[in-house]
Structures are given as structure tokens and as C-alpha cells.
Protein chains: 2
Amino acid sequence: MQDGKTGRKPSAKRDAILEAARIVFLDQGYASASMDSVAAEAGVSKATIYAHFTSKDELFGAMIRSRCERNATFAVVDSALNARQTLTVMGRRLLELLLQPQTLAVYRLVMSESERHPDLAKAFYDSGPGTGKALIAQVIDDLARRKELEVADSWIAADLFVGMLRTDLFMRSILGLPQPEGRTLDTAVADAVDTMLRAFGPRG
Amino acid sequence: MQDGKTGRKPSAKRDAILEAARIVFLDQGYASASMDSVAAEAGVSKATIYAHFTSKDELFGAMIRSRCERNATFAVVDSALNARQTLTVMGRRLLELLLQPQTLAVYRLVMSESERHPDLAKAFYDSGPGTGKALIAQVIDDLARRKELEVADSWIAADLFVGMLRTDLFMRSILGLPQPEGRTLDTAVADAVDTMLRAFGPRG
DNA sequence: GTCTATACAACGATAGAC
DNA sequence: GTCTATCGTTGTATAGAC
């Protein structure tokens, strides 16, 4: 029995190594993380890691890719909702996902290694921000078809909406800074949705 | 003669080391960069570096701080311009600054090291995104006073405007990915400005 | 202050036994 | 496949001469 996608046999040790790599790489960064640390975290010897992965580089890539494969269900919304409700529900889910410590750690790691691992940066973008943007564009397109929104280009509108969600709150979070009083996830979503509706809502 | 702010004597070698540190750290990241590389780039011996900086950590901090001290003139705009002109000029300057390779490299580096160097993350935010947001909020406040815009909170409006500028274009740039056809710096600025005016422009 | 030379630890990767 | 033990390299930091 083999995995249909990768053609690789399932292996408990292999999974343990990947999980350990996630913990160590996300915590320490690529260069600082040592294979000894990963081995210790996984409870195996270093030689065992090299039996499953040819190099530190390959282990790193396999770990990031395995993280990217489990995402993007935030854009499933009830089509009976109006524009404000739809954008609020979707925006809240997306921002909650973005602000999770693990998500932030992946962002930090992929960004910092994007120059030395360009293929990884592309894989991350496609399965992360790229997919997210496509899903949101589709939802906005539906709203436009139902005359709930008036947008010329749903992709651009999705881009602007995501941008308004990923504001100072996200910047401060990814820098690990404390959040100022009064600005919360809820107010950030509400401000973005309000602005979308003021700009693209049906004229009164 | 001493530097008024730091109380430190100016030193040609010290400046050369800082400049070399900028090149090496921004290119290779904190952990991968070696003091040997910095010494070679600066044309001094490793011992000389340790005569000026007590550790790799301190050199890194001094370098980032010296980079942060020279920024933020993008928000100086002619007060005779209307809202669209003002936002377009300011938005274009900000996005040009954000997309510069050196700016992107600083973002990548500070983000990736923010957990291990929290004081640095704060210094970067204050002198970078924080100052930028404050300047834009002030300009928006002026526009609101002149009835060119109708905003309830100029800080929130500034936040939303910056968010709409820092969209997919910025994300792809910081990941080192090629830009899709048709989406340029100019169209990104125009879309953000259009949306701001649709949402907050004076009602017709 | 600046150099050469080096101490000392940690790293990625491998050899060989089982 | 998995382990223990180790190789060769590279890293930060320092000693001592000038």
C-alpha cells in the first residue's frame, strides 16, 4: 500500500521526523536549526533522518509542503447571506487563520528563506495566499452576480479586501509586538467590511 | 568630537564594518552570515570587529538600527492638491519604497529574527511602519479638515489605505516571485486610491 | 586598535555494526 | 532501517604580538 500522491510508503518514523522538523524549524529558523535538534525532538538518531531525507534542504522542503497541504476552508459560506454577512464571516475566518502563531511562523520562515529556496516560496504562495485570493474572488463574484456588490474586477476587489484585513494588526503580530488597546480582530474585520460596502455596495 | 546621540567617536573602520554587516546580513540572513564574511567584506580582521562590537548579536542590532534612522520623507505633499492627487502621489512613493529590494530584504530579516530579537522588531516598527502610518494619518486628517474626505478616524483610514497598497504585489515581491502581467505599481496605486475615494470621497 | 594564529564548540553528513 | 561513533568543516570568540 502506497500513498497515491507521492508514491511513498507511509512510515511512522518519517511522520515523526516531519513533525519534529516543523517544531524545530518554525521555532529556530532554517539555518539555526540543527539536524541534531530535529533528531532529538523526533526521538530518532540523526542517521535515521538521513535514511529518509537526503539533506537538510530536502527535509525543510518536505516539511513546508506538508504544512501547505492542509488549508483553505475559510471561504465556504452560506449563499443565502447578504454581502455584509458574507464578507464578515469570510473576513473573520481568514484573519483568525492569519493571526495563528503557527501561520505567522510559516510566513516568517518562508519569507526569510525565499531567496535561497525560490521553489518553496512559489509552492507556499500557490497553496496559501494564491488559493485564498482565488476563493475570495469567487465569493465576491457570486455577490456581484446577485447584485449585492458592484465590482468591475472581482480579483482586484479580493486583493483590496485581503489587504484591508492584513493591516497593522497583522504587521504587529508578525513582528511579535503587543497589540494596542481597542484594535481587535473584530474591529479590523468590521472596518474592512464597512469600507468594502461603502466603496462597492449597491447605491442607495 | 563625539556623536551627539550615541556618545561614540566616529570611526572609519566602524562604519566600514557596519556597511559590510548590512551587505552580508541582508544577503545571507542572521544565522547563515559569518563574522568571517563580514570581516572579509569590510577588509578588516575578525578581531577588529570584536574590538568595536562585543558580539554578533550586537553588531546585528547596530546595523538594523542604523538602517532605520534614514527614512520617511514620502509623506511630504503639496497641500494645494486635491484628495485624489494627494493620495496618488503619497501612495506611489510609499509603494515604490516598499518594493525596493533593500526594503524587502530588511522586512524579511527583521520578521525572521523578531522572535529572537524583540527589541529590534519594536525599533524597526516604530521607525518604519509606525512612522509611515502616522504620517499618512496626518495627511488624511488634513484632507478631512478641508472636506476632501469624510473619515471618522484618520488612523483607521490610513491603516486601510496602506493595507490596500500592500496587497498581492507586495506579497509576491517579498516572496521573490515574478509579477503577473498587467498588474503594476501604477495600477495598484490607482485601485487603492479609487477605492478610498469611493468609500470616503465627498458625496456627489 | 589592528593584526595573525588558534582555542573550542557545533554543525552536516557518513561509516559500519546490527 | 536504525543505531553509535566519528570525520571534516565551519563557526564564534579570544590570546598575544605590534
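Below, chains carry the letters A, B, ... as their sequence lines are ordered, and counting in each starts from 1. Keep in mind that what you see is a predicted model, and the values were worked out from it rather than measured.
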Going by ring pair (Phe, Tyr, Trp, His ring centres under 6.0 Å), name the residues that satisfy it together with A:His52, two or more places apart in sequence or in a different chain.
none
Tabulate below the donor-acceptor pairs under 3.5 Å that side-chain atoms of residues 175-186 of chain B make, not counting sequence neighbours, or state none.
residue, atom, partner, partner atom, Å
B:Gln179, NE2, B:Leu169, O, 3.2
B:Gln179, NE2, B:Ser173, OG, 3.0
B:Arg183, NH1, B:Asp191, OD2, 2.5
B:Thr184, OG1, B:Asp186, N, 3.3
B:Thr184, OG1, B:Thr187, N, 3.4
B:Asp186, OD1, B:Arg92, NE, 2.9
B:Asp186, OD1, B:Arg92, NH2, 2.9
B:Asp186, OD2, B:Arg92, NH2, 3.2

Report all side-chain donor-acceptor pairs from residues 75-82 of chain A shorter than 3.5 Å, counting only partners two or more places apart or in another chain.
residue, atom, partner, partner atom, Å
A:Asp78, OD1, A:Ala80, N, 2.9
A:Asn82, OD1, A:Arg84, N, 3.2
A:Asn82, OD1, A:Gln85, N, 2.8

Within residues 49-59 of chain B, find the residues that approach DNA chain D with a heavy atom at under 4.0 Å, and present them sorted by residue number.
B:Tyr50, B:Ser55, B:Lys56
In residues 24-35 of chain B, which ones come under 4.0 Å of DNA chain C, going by heavy atoms?
none
Axial bend angle, the helix from C:dG1-D:dC18 to C:dC18-D:dG1: five-pair end segments, nearest 10°:
10°
Please state how far atom CG in B:Asp15 lies from atom P in C:dG1, giving the value in whole angstrom units.
13 Å
Kindly state each residue pair satisfying ring-ring contact (aromatic ring centres under 6.0 Å, His included) with at least one member in residues 173-193 of chain B, sequence neighbours excluded.
none
Between protein and nucleotides 3-6 of chain D, what N or O pairs are separated by less than 3.5 Å?
residue, atom, partner, partner atom, Å
D:dC3, OP2, A:Ser45, N, 2.9
D:dC3, OP2, A:Ser45, OG, 3.3
D:dC3, OP2, A:Thr48, OG1, 2.4

Can you give the donor-acceptor pairs under 3.5 Å from side chains of residues 153-163 of chain A to other protein atoms, not counting sequence neighbours?
residue, atom, partner, partner atom, Å
A:Asp153, OD1, A:Trp155, N, 2.8
A:Asp153, OD1, A:Ile156, N, 3.2
A:Asp159, OD1, B:Asp168, N, 3.1

For A:Ala62, which residues count as a side-chain contact (heavy atoms from CB on, under 4.5 Å) partner, sequence neighbours excluded?
A:Leu18, A:Phe53
With sequence neighbours left out, what residues match A:Phe60 under ring pair (Phe, Tyr, Trp, His ring centres under 6.0 Å)?
A:Phe25, A:Tyr30, A:His117
Residue pairs passing the salt bridge (charged side-chain N to carboxylate O under 4.0 Å, His left out) test with at least one member in residues 28-51 of chain A, sequence neighbours excluded, are A:Asp36-A:Lys46
